[in-house]
Amino acid sequence: MRGNRPIARQRLFGLDEARGSNLVTVATSMAGALRQMAEPGPRLRELYRTELQLSHAIVEVPPRLRCIIEALIIGLDRPGRG
């Protein structure tokens with residue numbers, strides 16, 4: 001039923017099917033969460049720009065998501081994880 005997807009995940013990341021599925025689940029979830037953070041409403045966006053203490057709340061999705069996924073792949077690659 002799943003075709004060659006497990007083989008592709010294993011070749012790309014060296015992960016078995018369960019770990020590959022976990023990777024996809026986390027990546028999808030994080031992308032959605034980061035996207036919401038990156039696109040706040042106009043009032044909240046203005047507050048982030050004007051209050052230096054809140055500037056950390058401004059999120060650039062691609063680099064942040066890449067960092068999270070890389071850390072996850074490293075963690076999943078360790079024995080006993082995933």
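Index from 1, following the sequence.
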salt_bridge(Arg66, Glu70) N-O dist < 4.0 Å: yes

Heavy-atom pair with the smallest gap, counting every atom of Ala27 and Leu65: O-CD1, 3.9 Å

Common cluster, Leu54/Leu34, ILVMFWY with side-chain heavy-atom separation under 4.5 Å: no

In one Ile/Leu/Val/Met/Phe/Trp/Tyr side-chain cluster, 4.5 Å: Met37, Ile68: yes

Atom CD of Glu46: over 12 foreign heavy atoms under 6.0 Å: yes

What's the spacing between [X] [atom1] and [Y] [atom2] if we round to 0.5 Å?
{"X": "Ile58", "Y": "Leu44", "atom1": "CD1", "atom2": "CG", "result": "9.5 Å"}
{"X": "Met30", "Y": "Leu72", "atom1": "CE", "atom2": "CG", "result": "10.0 Å"}
{"X": "Leu23", "Y": "Arg19", "atom1": "CG", "atom2": "CZ", "result": "12.0 Å"}

Stepwise salt bridge (charged side-chain N to carboxylate O under 4.0 Å, His left out) check, Glu60 with Arg64: CA-CA 6 Å; Glu60 292 288 330; Arg64 182 78 57 97; over 6 Å; no

